Amino acid sequence: MDFIRNQLEELGMSEPSIGYLSNIIMIIFIAMISVVANYIAKKIVLKTINHIVNSNRYRWGNIIVEKKLFHKLSHLVPAIIIYYSAYIFPSYQALVEKAAMTYMIVVMITVFNTLLNVFDEIYRSYEVSKIRPIKGYIQVAKIVLFIIGGIIVISNLIGQNPLIILSGLGALSAVLMLVFKDSILGLVAGVQLSSNDMVRVGDWIEMPKYNADGDVIDITLNTVKVRNFDKTITMIPSYALISDSFRNWRGMQVSGGRRIKRSIYIDISSIRFCTEEMVAEFEKIHYLTDYVTTKLEEIEAYNVEHQVNRESNVNGRQLTNVGVFREYIHQYLRNHPKINQDMTMIVRQLAPEDRGLPLEIYAFSNDINWSVYESVQADIFDHIFAVAQTFGLRAFQNPTGHDIVQLKEKREYVREY
C-alpha cells in the first residue's frame with residue numbers, strides 16, 4: 001500500500017485522490033490474486049487430487065469426487081486471502097474480516113454436510129447397512145451441524161460469544177415453540193420428507209384421512225397441496241405426512257407396470273372332472289393344446305405306474321375343469337400384448353368363501369396410464385367371464401329378481417302339468 005501511495009505522490013496527485021485510487025488498486029490487486037489462487041486450486045490442485053482419487057481402486061474415492069467434497073473445500077482459498085488482506089484497509093478491517101470469516105464458516109458447514117453424505121454413501125455400499133442403517137443418525141448430525149453453524153455465524157457477525165446466544169435462545173425457546181409451533185413442525189417435516197425422499201412435486205399420493213387422492217402440485221413449509229382426480233384441492237399439513245400414514249404411487253409409476261389384482265368367483269357346484277369330450281374340446285384351444293397333451297401323458301404315466309383302477313374317477317389323477325381353466329387364463333395373460341411379461345404374474349385359488357371359489361389374477365399392465373389400465377383390466381375380465389362357460393364353469397352371483405321370477409314361473413309350470 002505504501003509503495004502504491006509513493007508512486008501516486010510522485011505523479012503529483014492530491015492526497016484525497018491518492019487515498020481513493022490506492023484503495024481501488026489494492027482491491028483490484030487482491031481480487032486478481034484471489035482469482036488466480038482460486039484458478040490454481042480448482043484447475044490444478046483439485047484436478048490432480050481428483051486424478052489420484054479416481055486412479056485409486058477404493059470406491060470411497062469415487063464417492064468423494066462425485067459429492068464434490070474437494071471442490072467445495074477449494075472455496076476457502078479466496079476467503080483466506082481476503083481475510084489476511086483486511087489489515088490493509090484499517091477503516092474496514094473489522095467488516096472485511098467478519099464477512100470473510102462468515103463465508104469461511106458457511107463453506108465449512110457445506111463441507112461437513114458433504115462429508116456426512118459421503119460417509120453415509122460409503123456405509124450404504126456395505127451389506128451391514130441393510131441390517132443397521134445409520135441414515136437417521138446422519139440426519140440428526142446434520143441438524144446439530146446446521147444449528148451450531150448458524151449460532152457461530154450469528155455470533156461472528158454481532159461479535160458476541162456463542163454461549164451468550166445459546167443462553168438467550170434457551171430463555172426464549174418456550175415462547176418461540178408456542179408462536180412458531182406449526183412452522184417448526186413444518187420445517188422438521190420438510191427436512192425429513194426431503195432427506196428421505198418421501199414425496200416430491202408430481203407424485204401421486206393417497207391419504208384417506210384428509211380425503212386426498214391425486215398429484216402433489218406444491219410443497220411449502222406448512223402444507224402440501226394435492227390436486228385430486230376430481231380437480232378439487234386438498235391441503236395437508238406437512239407434519240401429517242410424517243406422523244400419519246399415506247401411500248405414494250411413485251414406485252408404480254417408475255416401475256412401468258400397474259398391478260391387476262382381481263378375482264372371479266366360481267360356483268363350486270360347477271367344478272368337476274373333465275370328460276373325454278371336454279378334453280377333446282380343450283385340445284382345440286390354441287393356448288391349451290400343448291398343456292393338455294403334456295398333462296394327459298403325465299397323468300397316464302402316473303396312473304400306469306401306480307396301477308390305478310380306472311373304473312372310478314376318484315382313483316388316481318384326473319384333469320379338472322377349474323384346473324384347466326386356471327391354466328388357460330395363465331396362458332391368455334402370457335400372450336396378452338398389454339400385460340408386462342417381466343413382472344409377477346400369478347393365477348391362483350384363494351380360500352373358498354360363501355360366494356364360491358375365488359380365482360385371483362395377479363399381474364401387471366405395461367401401461368400405467370389410469371384409463372388404459374382400467375380398459376386392459378376390463379377387457380381381460382370380459383373375456384374370462386365369457387369363456388368360463390366353455391369349461392363348464394359358472395361365475396357365482398347372488399340370486400337376482402330375474403332369477404326369482406324364473407324360479408316362480410318354473411314352479412307354476414310344474415304345478416300345471
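Worth saying up front: this structure is predicted, and the values here are computed from it rather than measured.
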Tell me, which pairs form a salt bridge (charged side-chain N to carboxylate O under 4.0 Å, His left out) where one or both residues lie in residues 314-334, sequence neighbours left out?
Glu298-Arg317
Is any side-chain heavy atom of [Y] closer than 4.5 Å to one of [X]?
X      : Y      : result
Phe396 : Ile268 : no
Ile152 : Ile109 : no
Thr320 : Gln318 : no
Asp213 : Glu206 : yes
Arg258 : Val372 : no
Ile266 : Arg394 : no
Ile339 : Ile380 : yes
Asn248 : Met198 : no

Qualifying residues under ring pair (Phe, Tyr, Trp, His ring centres under 6.0 Å), relative to [X], sequence neighbours excluded:
X      : value
Phe112 : none
His306 : Tyr302
His330 : none

From CA spacing to verdict: side-chain contact (heavy atoms from CB on, under 4.5 Å), Leu296, Glu283
CA-CA 11 Å; Leu296 287 175; Glu283 286 181 323; 3.9 Å; yes
Can Glu281 and Thr390 be said to form a side-chain contact (heavy atoms from CB on, under 4.5 Å), step by step?
CA-CA 9 Å; Glu281 289 297 323; Thr390 304; over 6 Å; no
Tell me whether Thr223 contacts the main-chain N or O of Lys225 through its side chain, where contact means a donor paired with an acceptor under 3.5 Å.
no
Okay, side chain of Thr232, backbone of Asn228: is any donor-acceptor separation there less than 3.5 Å?
no
Taking it one step at a time, do Ile368 and Trp249 satisfy side-chain contact (heavy atoms from CB on, under 4.5 Å)?
CA-CA 11 Å; Ile368 63 171; Trp249 292 84; over 6 Å; no
Any side-chain donor-acceptor pair under 3.5 Å between Asp267 and Ser269?
yes
Evaluate the criterion side-chain contact (heavy atoms from CB on, under 4.5 Å) for residue pair His383 and His336; output intermediate values, then yes/no.
CA-CA 12 Å; His383 180 79; His336 200 290; over 6 Å; no
Working note: Ser365 + Asp367, criterion side-chain hydrogen bond (donor to acceptor under 3.5 Å, both in side chains); need CA distance, chi angles, decisive distance, verdict.
CA-CA 5 Å; Ser365 67; Asp367 195 322; over 6 Å; no
Scan residues 345-357 for pairs that pass side-chain hydrogen bond (donor to acceptor under 3.5 Å, both in side chains), counting only residues two or more places apart or in two chains.
Tyr265-Arg355, Arg348-Glu360, Glu353-Arg355
I need the [X] [atom1] to [Y] [atom2] distance, nearest 0.5 Å.
X      : Y      : atom1 : atom2 : value
Leu145 : Thr110 : CG    : OG1   : 9.5 Å
Arg227 : Ile217 : CZ    : CD1   : 4.5 Å
Asn211 : Asp230 : CG    : CG    : 9.5 Å
Asn113 : Asn117 : CG    : CG    : 5.0 Å
Ser375 : Asn369 : OG    : CG    : 10.0 Å
Thr293 : Leu288 : OG1   : CG    : 10.0 Å

Restricting to non-hydrogen atoms, name the atom on [X] and the atom on [Y] that form the minimum distance, rounded to 0.1 Å.
X      : Y      : value
Ala240 : Tyr210 : CB-OH, 3.4 Å
Ala351 : Pro358 : O-CD, 3.4 Å
Ala212 : Thr234 : CB-CG2, 3.9 Å
Arg200 : Val216 : O-CB, 3.6 Å
Leu357 : Pro352 : CD1-CG, 4.1 Å
Ala363 : Leu333 : CB-CD1, 4.5 Å

Contacts satisfying ring-ring contact (aromatic ring centres under 6.0 Å, His included) that involve residues 337-382 (not counting sequence neighbours) are Phe229-Trp370, Tyr362-Phe364
Report the C-alpha separation of Tyr328 and Tyr291 in whole Å, then their side-chain angles, then the decisive distance to 0.1 Å, and conclude whether the ring pair (Phe, Tyr, Trp, His ring centres under 6.0 Å) test is met.
CA-CA 9 Å; Tyr328 171 79; Tyr291 170 78; over 10 Å; no
